[in-house]
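What follows is a set of notes on a single structure, which appears directly below.
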Amino acid sequence: MARRLLLIEDIEEYRALVRVALEQRGYEVIEANDGAAGLEAAQREHFDAIVLDLLMPRMHGFEVIERLRADFATRATPIIVLTSKSFANDQRQALAMGANAVLTKPFDPAALEDALNKHWWRTRVSFWGVRGSIASPGPETVRYGGNTPCVTIEHGDQMLILDAGTGLRRLGMHLMRRAAGRPLELDMLVTHTHWDHIQGFPFFVPAYVPGNKVRVYGPRSIDKPFARVIQGQQDPEYFPVALGDMAAALEVHELRGEPVQIGPFHVTTAFMNHPGVTLGFRIEVDGQIITYATDTEPYATMLAQARPEGGVGEAHGRQEDARLAALAQDADLYIADSQYGPEEYRSKLGWGHTSYLDAMRMALHAKAKRVALFSHDPMHDDEMVDAKIDACRAFATEEGSDVEVIGAAEGLDIILR
Ligand SMILES: [Zn+2]
């Protein structure tokens, strides 16, 4: 499938020169002859990258960049500026506004292709839903978001979807727009089948489109195959469209503990401490490690309370926690359940979630480089999530760790490498 580029350039001869060179290299090129027309085209349909001049009538390239970055649909599209302005200040300005690279004319096709590849072949993690337990939209959760878990990892053309919570609905719309009528082939890993991790699936538009292919991977439940549980939420008592009536080709695969290779993604799994059967994932791609461990409770803390005599419970718990530690070992990004505050956790012992300080202890123990606090409690408003992040950063500093702490938020993208 040829990659589609939008070329925004007002000088016709120059536009033709760039277009021909890119077409010779196998790209599909759509042209716009000024900034405003380019912005309209980019808002109307998806492009894999935008090549942009700066000095143009109707809208300056700077404004085009600013507006592309402010729009949800184009916020992450690579923008390569191609300009005859060689002023360092202008180049810095373009980069500061969100351009990915600035190349100066005369046009060098190889340099442009290098710049494009550099941005296509990064690993990007995006958050579509970060809330635990139940969707909780409202003015008090507007900054971090109210949708339940859904995260994507992209590398080159390949995408891996983690969980099918309510955040999946918006991802589906984004994918449809990006596909622009072309068939989609998608892979989705599901940690477990509690509502908050599968409820978005019936509203995932790509699963309704003939010609699309969706492969869903998840664990067998206590007494039923994974496929049966996924079908169950679309039984007629719960939803008007049965799973089998969705028009895309759906494949459901059971994960039984062995590693799987999905495109460029190498996935290792481990069972988490959570009611029912729940998996955590370690995904390795292009030398980067992403750990996704939502919905889990530290055995050590839990068993220390249950069997305090002589530290027996805690010692046993540490052995059990080694499974999660192995998943998170040296992770470049550890997406960690951090649903409760340490005080709050005392009254929620055995509910299958982690206090944020325990999440930090695990991150430090496993030497993760970056931790994304995830699975925010539906009772926690934005200020409480802010306070959680501050407390975790302070904890890391006290412990002498330079782990980077971020709060997972809907719409947040993280570029690894
Ligand atoms: Zn759960």
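Bear in mind that the values here come from a model prediction, so they are computed numbers and not experimental data. One-based numbering, in listed order, for ligands and for the atoms of each. Along the sequence shown, residues carry numbers from 1.
- Here Lys213 does not pair with Glu185 in a salt bridge; the nearest charged N to carboxylate O distance is not below 4.0 Å.
- Rounded to 10°, the angle formed at the Zn ion (ligand 1) by NE2 of His274 and ND1 of His194 is 90°.
- One finds a salt bridge joining Glu383 and Arg143 here, because a Lys/Arg side-chain nitrogen approaches an Asp/Glu carboxylate oxygen to under 4.0 Å.
- Aromatic pair Phe374/Tyr334: ring centres not closer than 6.0 Å.
- For Asp295, the N, O or S atom with the smallest separation from the Zn ion (ligand 1) is OD2.
- The Zn ion (ligand 1) lies under 2.8 Å from an N, O or S atom belonging to His192.
- Using a 4.0 Å cut-off between charged nitrogen and carboxylate oxygen, Asp332 and Lys369 count as a salt-bridge pair.
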